[in-house]
Amino acid sequence: MTSARADRLVGRSVARREDPRLLSGRGRFVDDIELPGMLHAQFVRSTVAHGTITEIDLTGVRQVPGVVAAFTAADLALGDITARLGRPLSEFVPTAMPVLARDRVRYVGEPVAVVIARDPYLAEDGLEAARVTYAPLPPITCEEQALAPDAPRVHAEAAENTLVDVSLFATEGIDEIFDQAPCVVHVDVRTGRQNALPLETRGAVAQWDAREEQLVLHTCTQTPHQVRTVAARCLRLDERAVRVIVPDMGGGFGLKCVVGREEIAAAAAALRLGRPVKWIEDRKDALSASFLAREQHYTARAAFDADGRILGLDTEVVCDMGAYSCYPFTAGIEPLMASAEMPGVYKVPAYRVRGRAIATNKAPTAPYRGVSRPQYVMAMERLMERAARELRLDPVEIRRRNVITDFPYTGVNNITYDPGSYLESLDLCERALREAGWYDRQAAARAEGRHIGIGFSCFSERTGYGSAAFAQRKMEVVPGFDLAEVRMDTSGAVTVTTGTISHGQSHETTMAQIVADTLGLDFTKVKLHQGDTDRITYGWGTFASRSIAIGGSAVRLAAGRLGDKLRAIAAAEWGIPPEETELDRGRVRRRDDPDAALSYEHLADTAYLKSHLLPKDIDPGLTATAVFDVHNDGTFSNATHGVVVELHEGTGQVEILAYFCVEDCGVAVNPQVVEGQCRGGIAQGISGALFEQITYDAQGEPSATSFMDYKVPTAHEIPEVVIHHLETPCAFTETGAKGAGEGGTIGAPAAVLNAVNDALRPTGVELDNTPITPETVHRALTPRTPEQTP
Amino acid sequence: MNDTTGLGDDVQLITLDVNGTSYEVISAPRRTLVDVLRHDLRLTGTHVGCEHGICGACTVLVDGLPVRACLMFAAQAEGARITTVESLADSGTGELSDLQRAFTEHHGLQCGFCTPGFLMLAQGFLAERPEATKEDIREVVAANLCRCTGYQTIVEAIDACATARRSQRAMGAEEESCN
């Protein structure tokens, strides 16, 4: 039941509810929490990439003034964190991640012991006194080493260091298609290892609450209920005895949607010592020893007919997942995503794919905004560009001939795509660039010998993964549904509780917009509560662009049910059927008498304080709950990005001159918030395309341990983005919204890479890897003299 | 040992002037200004993003100029006027300042973690350079890191605030000349 108000809030850029406290320094982030008697944890971390631990001597640590305790794995005896897929051993090898390393270390930075002291400075003093000796083993630092026959094993149980090896699709006769195709193009695409890099590092404050018989774990996680599950299992507590509370969170981007080891160790120390324990990760650990992402290698080919229509796609992807499988997603997260969805927005009639996850002696990986899609979109878009060149077609035209236009469309990957605006966004993006004069300017610049290039990327993004879609991955833990509770108190104010958890996405605003519209209620009367496992039975948190599509739908359903109850109470008072009432601006009105209305305050008063007046079939109180799940393949947001770059000869610098984004995420609950997600996502995509990378040397030592050697772009490097919106509402979410959290990041690397290649066109050089470093560009732009030719 | 003060043996008494209030703090000499602000004075609006002076989340004003509070020992700030994000809104009513309002109007923040640093950076910069152009502002905004917004809306917010202040000043000058 919708409100009768014309002034709906959904679709309007309402000012954010979160802003006043965040702008005035009154937010509460995890490091802002201070408890009486609180101690501070820091971790002794492995200094070798691969080795067996021969001795851990913490005697010196315990003598450092201010150090209260120091624990090893043997001291704490915790359960391991093990993520599983329900696949045979030939496809997936489960590996246990101990909370603290027991006998083996597998990456530089792996936690070996925890030091607890009176303050963080003293805890760091303690770290310096730790003596850990290792018998080094040969480190595996790249795909070639990992997959070599007889390679040393990161995990004894994983032969050839292969954790996942899945061949999801193989269209019959695909080899013949390639043999007979008039045009076959190949790419070899590698993408650098990145850190999702929320500006707030990870952290936790753990405390035993004796009265509630509960461990209260404040931690900045995107998945509070999953942290509760793992904490309870590792600590061998009933799940009831763990309460996870998420305070304000300084970004996550996926890095915080997996369960970390340190928050569990801090909790164990708090239980052991009977005092609150805080752990705040420093930037060095955050960069090199938390969770990384994105290092993939695609070997792909595509067959085209003479008109540029795709006949087949054949690809292998190897994802370097580092030392451990993350919980709950497993090392399958990247290869399974890439395998299932690589055909993307294009009509691909034949498809073969093999996806592998390999273990290396590097920090483990977590999902990072876009998960595989920035990379497979890059591989696909490189194939399109290469075919366009081969067939002498315009890059936009070849895409036009291949994008899906008839919906719903069931692809060769067995996924059914709901309606989107693939062709429309492509056309609009090209037109925007043309009307802004960029094609003319490029031609003029080329005549002057300048290197200006225009590049596009076309993609869709599956959002609103319900349990059906996640189940196809065969995760042992299957995310999908979400739950909402909407409660009205005696003053008529509304509390909404969700299982999703905003960390920049503005849910306090957007969820309140949905509830205010549904109930016909003043926006300021609605307050969202999130991120507390004791406030809601279960939830899957915020990742995979699921919150508005799924969480928002649950909220809308629950608010609708609360509205129904308000109408039922009013109808009972009037002695008429509920159908003859409607919600309007904080009141229930009679349809047959515009002047007759009962305020929500009045109805709440009846529901709670005069419940004797209620008919027998209406329970006292004003609470409604709802669960929402998506039972099909999910809903696809889509976009086209168009980028103009200039390459500078002297420095090899890639300057972005213009950036256009035409996006369609269905109904935008709050357009300003959607634009914010786009711009921020694009900035992160550009970061991956041009700047960010953590490399490892032959000893497995990470290159980046500070912002001095991990280049995070600033306002210098990130351009202004022109955004155009299209709106193809989703038919099965309650608000018509699709997810909007990741698209920007997905489209940017391919568009930037294509633009760079367009700028390089006169040189004949083509680049397929990211990040595109100044060295690479400089080399490509420097004509080789015969002596320099290798 | 039941000492929960977190103090070592080597402590000193320092006096800090923060947002116009004088505080006496017993602190170890190695404690940074940002740690003293956050954990001793409980002014937790100033955030810590890197502890090595790159991200700027800890930016505060010291004698009116933006400073990385993670790179300064608290003892070094004795005798200086320190201004933090807590000073921007009206202390009585909580009403946001024009700069803060510009950030919310332009959606210049998402998670809000870097925001206090950008606010103080802009506060110090606009006081010094009220005539700054949007390009000047973009240049200064490049001093700090934000991972959520892509910076565009931060630049727009600060530019809008600067523009509004200039037109207000012009109107004020006009009124004055009329009187």
Side-chain angles (χ1 to χ4, degrees), chain A residues 13 15-16 18-29 31-32 34 36-38 40 65-66 68 118-122 197-201 248-251 253 280 282-283 503-506 672-673 675-677 679-684 706-708 712 714-716 718-721 744, chain B residues 1 3-9 28 30-31 35 38-39 42-55 57 84-86 88-89 94 96 100-101 103-107 109-116 119 138-155:
Chain A
S13 295
R16 297 204 319 162
E18 319 44 10
D19 284 355
R21 72 167 186 276
L22 295 173
L23 284 164
S24 50
R26 288 183 286 114
R28 184 168 66 246
F29 294 86
D31 190 34
D32 301 342
E34 197 87 36
M38 190 169 75
H40 298 264
V68 174
R118 288 179 322 195
D119 88 3
Y121 291 73
L122 300 169
L197 213 124
L199 206 57
E200 177 203 37
T201 58
D248 282 322
M249 186 168 19
F253 315 117
I280 300 297
D282 69 16
R283 182 54 65 185
H503 42 287
Q505 296 89 340
S506 323
Q672 195 177 43
V673 166
E675 290 193 2
Q677 291 296 310
R679 291 207 167 88
I682 286 167
Q684 291 187 11
S706 82
F707 284 145
M708 302 299 278
V712 182
T714 68
H716 265 310
I718 301 300
E720 296 205 348
V721 177
Chain B
M1 184 161 47
D3 176 13
T4 57
T5 60
L7 303 171
D9 298 331
R30 64 175 170 173
R31 269 177 99 69
D35 281 345
R38 289 179 47 75
H39 300 298
R42 300 296 300 142
L43 293 168
T44 54
T46 306
H47 295 153
V48 180
C50 73
E51 291 180 287
H52 53 271
I54 305 284
C55 79
T84 69
V85 68
E86 284 89 352
L88 296 181
L96 299 181
Q100 291 167 311
R101 286 198 309 275
F103 266 69
T104 196
E105 280 157 18
H106 291 266
H107 194 25
L109 68 157
Q110 289 180 27
C111 79
F113 192 79
C114 71
T115 310
L119 286 169
R138 187 166 263 278
E139 195 79 1
V140 163
V141 163
N144 284 12
L145 296 181
C146 167
R147 194 60 165 172
C148 294
T149 62
Y151 303 105
Q152 182 174 341
T153 53
I154 295 177
V155 174

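All values derive from a computational prediction rather than experimental measurement.
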Review point. Is there a donor-acceptor pair closer than 3.5 Å between any side-chain N or O of R138(B) and the backbone N or O of A715(A)?
Key: yes
Point to revise | Leading residue by heavy atom contact count with chain B [cutoff under 4.5 Å; candidates G680(A), A15(A), G681(A)] | key: G680(A)
Revision key, fill the gap. Okay, H107(B) and chain A: the region with an atom under 4.5 Å from a heavy atom over there is both
Study note, to complete from the structure: Residue from A683(A), G250(A), G504(A) scoring the most non-hydrogen pairs under 4.5 Å with chain B is G504(A)
Check your understanding: Where is the tightest heavy-atom contact between H106(B) and Q672(A), given as atom of each residue plus distance?
Key -> C-NE2, 3.8 Å
Practice item. Measure from the side-chain N and O atoms of R147(B) to the backbone N and O of P198(A), and report whether any donor-acceptor pair falls under 3.5 Å. Key: no
Practice item. For each of G150(B), A142(B), G112(B), tally heavy-atom pairs with chain A at distances under 4.5 Å, and name the one with the top tally. Key: A142(B)
**Study point:** Structural part of Q677(A) lying under 4.5 Å from a heavy atom of chain B
**Key:** both
**Study point:** Contact leader toward chain A among E51(B), R30(B), E139(B), H47(B), where contacts are heavy-atom pairs under 4.5 Å
**Key:** R30(B)
Exercise for review: State, to 0.1 Å, how close Q505(A) and V673(A) come at their nearest heavy-atom pair, and which atoms those are.
Suggested key: O-CG1, 3.6 Å
Point to revise | Best-contacting candidate, G53(B), C148(B), P116(B), A89(B), against chain A by heavy atom pairs under 4.5 angstrom | key: C148(B)
Review point. Is it the backbone or the side chain of T104(B) that comes under 4.5 Å from a heavy atom of chain A, or both, or neither?
Key: both
**Study point:** chain A contacts, top residue of C50(B), C55(B), G45(B), G94(B) (heavy-atom pairs, under 4.5 Å)
**Key:** C50(B)
Check your understanding: Where does H503(A) contact chain B at under 4.5 Å (heavy atoms): side chain, backbone, both or neither?
Key -> backbone
**Study point:** Contact class of Q152(B) relative to chain A, heavy atoms under 4.5 angstrom
**Key:** side chain
Practice item. Before giving the answer on side-chain contact (heavy atoms from CB on, under 4.5 Å), spell out for I154(B) and C146(B) the whole-Å C-alpha distance, their side-chain angles and the decisive distance to 0.1 Å. Key: CA-CA 9 Å; I154(B) 295 177; C146(B) 167; 4.0 Å; yes
Point to revise | Contact origin within F113(B) toward chain A - heavy atom pairs under 4.5 Å | key: both
Point to revise | Closest non-hydrogen atom pair between F103(B) and T115(B), with its separation | key: CD2-CG2, 4.2 Å
Check your understanding: Got a salt bridge between D32(A) and R38(B), using NZ or NE/NH1/NH2 to carboxylate O under 4.0 Å?
Key -> yes
Point to revise | Short side-chain to backbone donor-acceptor contact, R679(A) and V721(A), under 3.5 Å | key: yes
Revision key, fill the gap. Ranked by heavy-atom pairs below 4.5 Å to chain B, first place among I280(A), D19(A), D248(A) goes to D19(A)
Study note, to complete from the structure: Whatever's closer than 4.5 Å to a heavy atom in chain B on P719(A) counts as backbone
Review point. Of the backbone (N, CA, C, O) and the side chain (C-beta and beyond), which part of R42(B) lies under 4.5 Å from a heavy atom of chain A, both, or neither?
Key: side chain
Practice item. Please look at L109(B) and chain A and tell me whether the side chain, the backbone, both or neither of the residue comes under 4.5 angstrom of a heavy atom of that chain. Key: both
**Study point:** R283(A) side-chain N/O to V48(B) backbone N/O, donor-acceptor pair under 3.5 Å
**Key:** no
Check your understanding: Do T153(B) and E675(A) have side chains that get closer than 4.5 Å, going by heavy atoms?
Key -> no
Exercise for review: Measure distances from F29(A) to the heavy atoms of chain B and classify the residue's part below 4.5 Å as side chain, backbone, both or neither.
Suggested key: side chain
**Study point:** Interface moiety of L145(B) toward chain A, non-hydrogen atoms closer than 4.5 Å
**Key:** both
Exercise for review: Taking all heavy atoms of Q100(B) and all of V85(B), pick out the closest pair and write down the distance.
Suggested key: NE2-O, 4.4 Å
Review point. Side chain, backbone, both or neither: which part of S706(A) has an atom under 4.5 Å from a heavy atom of chain B?
Key: both
Exercise for review: Any chance you could measure L119(B), atom CG, to T46(B), atom OG1, to the nearest 0.5 Å?
Suggested key: 10.5 Å
Check your understanding: Is chain B contacted by the side chain of I682(A), its backbone, both, or neither, given a heavy-atom distance below 4.5 Å?
Key -> neither
Point to revise | Contact summary for T44(B) and E86(B), nearest pair of heavy atoms | key: N-OE2, 3.4 Å
**Study point:** Closest-packed option against chain B by number of heavy-atom pairs under 4.5 Å, given D31(A), I718(A), V712(A)
**Key:** D31(A)
